[in-house]
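Written out below as structure tokens is the structure these notes cover.
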Amino acid sequence: MKTIDFCVNGKDVSVICSPAKTLLDVLREDAGLTGSKECCGKGECGSCTVLLNNVPVCSCLVLAGQVEGERVVTVEGIGTKQAMDPVQQAFVDEGATQCGYCTPGLIVASRAYLTSIGHVPGLDEIKRALGGNLCRCTGYTKILQAVQTAAARQLSSREL
């Protein structure tokens with residue numbers, strides 16, 4: 001067991017756990033942040049995506065010992081029900097949530113992607129950017145539309 005200190009959603013946290021415990025389990029079990037979901041446990045589905053120093057990663061593949069002193073943002077840090085991020089609002093408005101299991105990872109990955117670009121992306125661009133995130137419920141049409149809607153809203157808010 002080891003004390004691991006890191007920043008999650010802008011708050012400094014300390015957890016005592018095995019350094020080999022996954023970040024996903026630390027977030028869910030020790031930090032009480034249950035937005036990130038475990039689906040495959042192998043980094044193939046993206047349901048557990050978080051930002052580690054602003055880079056999207058599958059938290060099921062990151063060990064607690066690797067986040068010592070680092071910054072982690074989960075879906076809870078993207079926005080809240082009362083103050084949704086444009087990506088979250090677009091997912092709601094476009095009906096892109098379906099069962100909701102993959103939604104947190106898609107929102108985190110979408111936020112990271114849209115932060116890195118300055119235009120409304122085409123469908124192929126979005127598909128490449130979200131290629132590590134799987135959804136079993138949809139044909140992705142509403143998810144792709146939600147990302148485009150969020151991008152358009154993000155750009156229009158910058159122009160104001």
Side-chain angles (χ1 to χ4, degrees), residues 1-92 96-118 121 125-138 140 143 146-147 150-151 153-154 157-158:
M1 300 298 263
K2 180 179 189 283
T3 300
I4 313 249
D5 299 310
F6 64 107
C7 179
V8 68
N9 298 333
K11 295 178 184 171
D12 291 332
V13 297
S14 258
V15 296
I16 298 171
C17 67
S18 165
K21 187 173 186 177
T22 67
L23 175 59
L24 176 62
D25 288 341
V26 168
L27 293 170
R28 293 181 60 81
E29 297 168 6
D30 301 311
L33 298 168
T34 58
S36 302
K37 308 290 187 240
E38 181 169 6
C39 187
C40 72
K42 298 177 182 178
E44 294 177 3
C45 71
S47 292
C48 65
T49 300
V50 299
L51 301 179
L52 179 57
N53 298 324
N54 297 319
V55 176
V57 298
C58 291
S59 60
C60 70
L61 297 180
V62 177
L63 301 179
Q66 294 175 286
V67 298
E68 177 73 39
E70 306 297 342
R71 291 174 291 111
V72 175
V73 177
T74 68
V75 70
E76 291 94 342
I78 300 290
T80 65
K81 188 175 182 180
Q82 297 76 23
M84 283 196 236
D85 180 86
V87 173
Q88 292 169 313
Q89 189 63 58
F91 267 68
V92 171
T97 56
Q98 294 291 308
C99 82
Y101 208 81
C102 66
T103 306
L106 281 163
I107 287 172
V108 171
S110 297
R111 168 45 47 224
Y113 174 58
L114 292 182
T115 298
S116 73
I117 63 170
E125 291 175 88
I126 299 168
K127 288 176 187 177
R128 276 191 301 280
L130 301 182
N133 294 80
L134 301 178
C135 176
R136 307 238 186 255
C137 296
T138 71
Y140 296 96
I143 293 167
V147 175
R153 290 176 182 169
Q154 180 175 291
S157 72
R158 286 182 188 163

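Because the structure is a prediction, the values reported are computed rather than measured.
The side-chain hydrogen bond (donor to acceptor under 3.5 Å, both in side chains) contacts involving residues 53-65 comprise Asn53-Glu70, where partners must be two or more places apart or lie in separate chains. Each side-chain hydrogen bond (donor to acceptor under 3.5 Å, both in side chains) pair with one or both residues in residues 97-110, not counting sequence neighbours, would appear here, but there are none. Among residues at least two apart or in separate chains, side-chain hydrogen bond (donor to acceptor under 3.5 Å, both in side chains) pairs with a member in residues 78-87 are Asp85-Arg111. Residue pairs meeting the salt bridge (charged side-chain N to carboxylate O under 4.0 Å, His left out) criterion with at least one partner in residues 18-35, sequence neighbours excluded, are Lys21-Glu29, Lys21-Asp30.
Separating the CG atom in Leu130 from the CD1 atom in Ile107 is a distance of 11.0 Å, to the nearest 0.5 Å.
With sequence neighbours excluded, the residues satisfying side chain to side chain contact (heavy atoms under 4.5 Å, CB included) with Ala31 are Leu33. Every residue meeting the side chain to side chain contact (heavy atoms under 4.5 Å, CB included) condition with Val73, not counting sequence neighbours, appears here in chain and number order: Asn9, Leu51, Ile78. Take Ala151 and apply the side chain to side chain contact (heavy atoms under 4.5 Å, CB included) test, not counting sequence neighbours, and it matches Leu114, Val120, Pro121. For Lys127, the salt bridge (charged side-chain N to carboxylate O under 4.0 Å, His left out) test picks out no residue, with sequence neighbours left out. Judged as a side chain to side chain contact (heavy atoms under 4.5 Å, CB included), and not counting sequence neighbours, the contacts of Ser116 are Tyr113.
Put simply, the residue from Thr74, Val67, Val15 that forms a side chain to side chain contact (heavy atoms under 4.5 Å, CB included) with Val8 is Thr74.
Across all non-hydrogen atoms, the minimal contact from Leu61 to Gln66 is O-OE1, 4.1 Å. Among all heavy-atom pairs drawn from Asn133 and Ala109, the shortest one is OD1-CB, 3.6 Å.
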Please list, one pair per line, the donor and acceptor atoms closer than 3.5 Å that link side chains of residues 41-49 to other protein atoms, with sequence neighbours excluded.
residue: Thr49; atom: OG1; partner: Gly46; partner atom: O; Å: 2.7

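Under the 4.5 Å side-chain criterion, counting only non-hydrogen atoms from C-beta, Val57 is in contact with Val50. Looking at Cys17 and Ile4, their side chains come closer than 4.5 Å, going by heavy atoms from C-beta outward.
Glu76 places a side-chain N or O within donor-acceptor distance of the main-chain N or O of Thr34, the cut-off being under 3.5 Å.
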